[in-house]
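My questions will all concern the structure given below.
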Amino acid sequence: MHPYRMQQLIKARGKDEVVNVRQRNSLYQTIERLLRGNLIAVRETERDGAFPERTIYEITEAGRDTARLWLREQLAEPAREFPAFPAALSFLPLLTPDDVRRQLEVRITALTRELARTDALRESAAVLQVPRLFLLEGELMRATLKVELDWVTCVVNDLKAGSISQADAPSADHAQSHPAVSRDDGLPEH
């Protein structure tokens with residue numbers, strides 16, 4: 001199929017929840033990489049009246065093999081991913097506990113909204129009787145959202161109760177007087 005149709009189908013099937021296709025340009029860049037790798041090939045070029053010429057692509061046997069290999073690896077091996085939220089959490093001492101609490105309360109609102117949105121998508125799929133096999137990524141995303149929401153809520157409650165405070169963070173004096181935490185790269189020595 002042609003790229004615009006690919007983008008339409010990805011969105012229609014709800015796969016844009018896990019694959020970023022909002023920018024058509026990034027889809028074209030992906031197609032170019034797949035072409036260079038001989039993972040897809042041009043099947044034909046067609047012209048439909050007043051519309052611009054469209055290139056129709058098809059997957060090659062090497063593309064099928066590569067996709068299966070990638071899928072097996074992704075399913076079997078947990079990947080070390082580096083999401084932004086845990087990275088931000090590692091810098092919490094830069095903010096006051098009240099500021100952290102306020103920011104996390106905003107996050108709770110956003111997570112609650114996102115959870116409601118995913119629940120609405122799931123309900124729509126149920127009405128359409130979409131088989132569960134096609135909804136598994138949504139189930140995982142919902143479970144992840146729910147766990148994050150519960151955890152962030154717990155942290156906010158602990159901040160409100162005062163059981164998490166700046167007193168828990170090492171001071172600059174502490175880092176200088178304890179060589180185990182004052183290496184140039186910031187990593188503890190073992």
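Model, not experiment: these values are computed from the prediction. Sequential numbering from 1 along the given sequence is applied to the chain's residues.
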### Message
Would you say CD of Glu77 has more than 12 non-hydrogen atoms from neighbouring residues, nucleotides or ligands within 6.0 angstrom?
### Response
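Atom CD in Glu77 is not packed in, count stays at 12 or less.
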### Message
Through direct or indirect side-chain contacts below 4.5 angstrom among Ile, Leu, Val, Met, Phe, Trp and Tyr, which residues connect to Trp70?
### Response
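Once heavy-atom contacts under 4.5 Å are chained together, Trp70 belongs with Leu71, Leu75.
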### Message
Using the side chain to side chain donor-acceptor pair (under 3.5 Å) criterion, which residues pair with Arg132? Sequence neighbours excluded.
### Response
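Counting only residues at least two positions away or on another chain, Arg132 forms a side chain to side chain donor-acceptor pair (under 3.5 Å) with Glu139.
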Under 3.5 Å, which donor-acceptor pairs do the side chains of residues 101-115 form with other protein atoms, sequence neighbours left out?
| unit_1 | atom_1 | unit_2 | atom_2 | d |
| --- | --- | --- | --- | --- |
| Arg101 | NH1 | Glu105 | OE1 | 3.0 |
| Arg101 | NH1 | Glu105 | OE2 | 3.3 |
| Gln103 | NE2 | Asp99 | OD1 | 2.9 |
| Arg107 | NE | Glu148 | OE2 | 2.6 |
| Arg107 | NH2 | Glu148 | OE2 | 2.8 |
| Thr109 | OG1 | Glu105 | O | 3.3 |
| Thr112 | OG1 | Ile108 | O | 2.7 |
| Glu114 | OE1 | Arg117 | NE | 3.1 |
| Glu114 | OE2 | Arg117 | NE | 3.4 |
| Glu114 | OE2 | Arg117 | NH2 | 2.6 |

### Val147 reachable from Leu136 in the ILVMFWY side-chain graph, under 4.5 Å edges
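No: no chain of side-chain contacts under 4.5 Å links Leu136 to Val147.
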### Message
Using the side chain to side chain donor-acceptor pair (under 3.5 Å) criterion, which residues pair with Glu46? Sequence neighbours excluded.
### Response
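Result, side chain to side chain donor-acceptor pair (under 3.5 Å) vs Glu46: none returned.
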### Message
Using the salt bridge (Lys or Arg N to Asp or Glu O under 4.0 Å) criterion, which residues pair with Asp150? Sequence neighbours excluded.
### Response
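Lys146.
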### Query
Quick one: OG1 on Thr30 to CE on Met6, what's the gap to the nearest 0.5 Å?
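Rounded to the nearest 0.5 Å, the OG1-CE separation comes to 10.0 Å.
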### Value rounded to 0.5 Å, distance of CZ in Arg54 from CD in Glu44
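It is 11.0 Å, given to the nearest 0.5 Å.
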### Task
Measure across Pro83 and Pro86 and return the closest heavy-atom pair with its distance rounded to 0.1 Å.
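Here Pro83 and Pro86 meet closest at O-CD, 3.3 Å.
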#### Entry: Point-to-point distance, once rounded to the nearest 0.5 Å, from CZ of Arg68 to OG1 of Thr66
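That separation rounds to 10.0 Å.
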### Query
In this structure, are over 12 heavy atoms from other groups packed under 6.0 Å from Arg64 atom CZ?
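For Arg64, atom CZ is crowded (more than 12 foreign heavy atoms under 6.0 Å).
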### Message
What's the separation between atom OG1 in Thr45 and atom NE2 in His2, rounded to the nearest 0.5 Å?
### Response
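The NE2 atom of His2 is 12.0 Å from OG1 of Thr45, to the nearest 0.5 Å.
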### Query
Shortest non-hydrogen contact from Pro3 to Leu27?
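Shortest heavy-atom contact: O-CD2, 3.3 Å.
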### Task
Determine whether Val152 and Leu95 fall in the same hydrophobic cluster, where Ile, Leu, Val, Met, Phe, Trp and Tyr are linked whenever their side-chain heavy atoms lie under 4.5 Å apart.
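Yes; tracing contacts between hydrophobic side chains, which count when under 4.5 Å, links both residues.
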### Task
Check for a donor-acceptor pair, side chain of Thr118 on one end and backbone N or O of Arg142 on the other, with a separation under 3.5 Å.
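Such a contact is absent between Thr118 side chain and Arg142 backbone.
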### Task
Drop me the distance from Leu128's CG to Phe134's CZ, to the nearest 0.5 angstrom.
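It is 13.5 Å, given to the nearest 0.5 Å.
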### Message
With clusters defined by side-chain heavy atoms of hydrophobic residues (ILVMFWY) lying less than 4.5 Å apart, directly or transitively, does Leu34 cluster with Leu69?
### Response
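Different clusters.
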### Task
Could you pull out the closest heavy-atom pair between Ala125 and Leu135, with the gap in Å?
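Closest approach of Ala125 to Leu135, heavy atoms only: CB-CD2, 3.7 Å.
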### Query
When Ile, Leu, Val, Met, Phe, Trp and Tyr are grouped by side-chain heavy atoms lying under 4.5 Å apart, directly or through other members, which residues fall in the same group as Leu94?
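Besides Leu94, the cluster holds Phe91.
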### Query
Under a 4.5 Å side-chain heavy-atom rule over Ile, Leu, Val, Met, Phe, Trp and Tyr, are Leu140 and Leu149 clustered together?
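No, no single cluster joins them.
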### Query
Going only through I, L, V, M, F, W and Y residues with side-chain contacts under 4.5 Å, is there a path from Ile59 to Ile10?
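Ile59 and Ile10: separate clusters.
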### Task
Might you point out which heavy atoms bring Ile56 and Met1 nearest each other, and give the distance in Å?
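For Ile56 and Met1, the tightest heavy-atom pair comes out as CG2-N, 3.6 Å.
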### Query
Rounded to the nearest 0.5 Å, what separation is found between the CG atom of Leu39 and the CD1 atom of Ile31?
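Reported to 0.5 Å precision, the distance equals 12.5 Å.
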### Query
Nearest heavy-atom pair of Met141 and Glu17: which atoms, and what distance?
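Nearest heavy atoms, Met141 then Glu17: CE-O, 3.3 Å.
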#### Entry: Shortest non-hydrogen separation from Ile164 to Pro97 and the atoms involved
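Looking at all heavy atoms of both residues, the shortest contact is O-CB, 4.4 Å.
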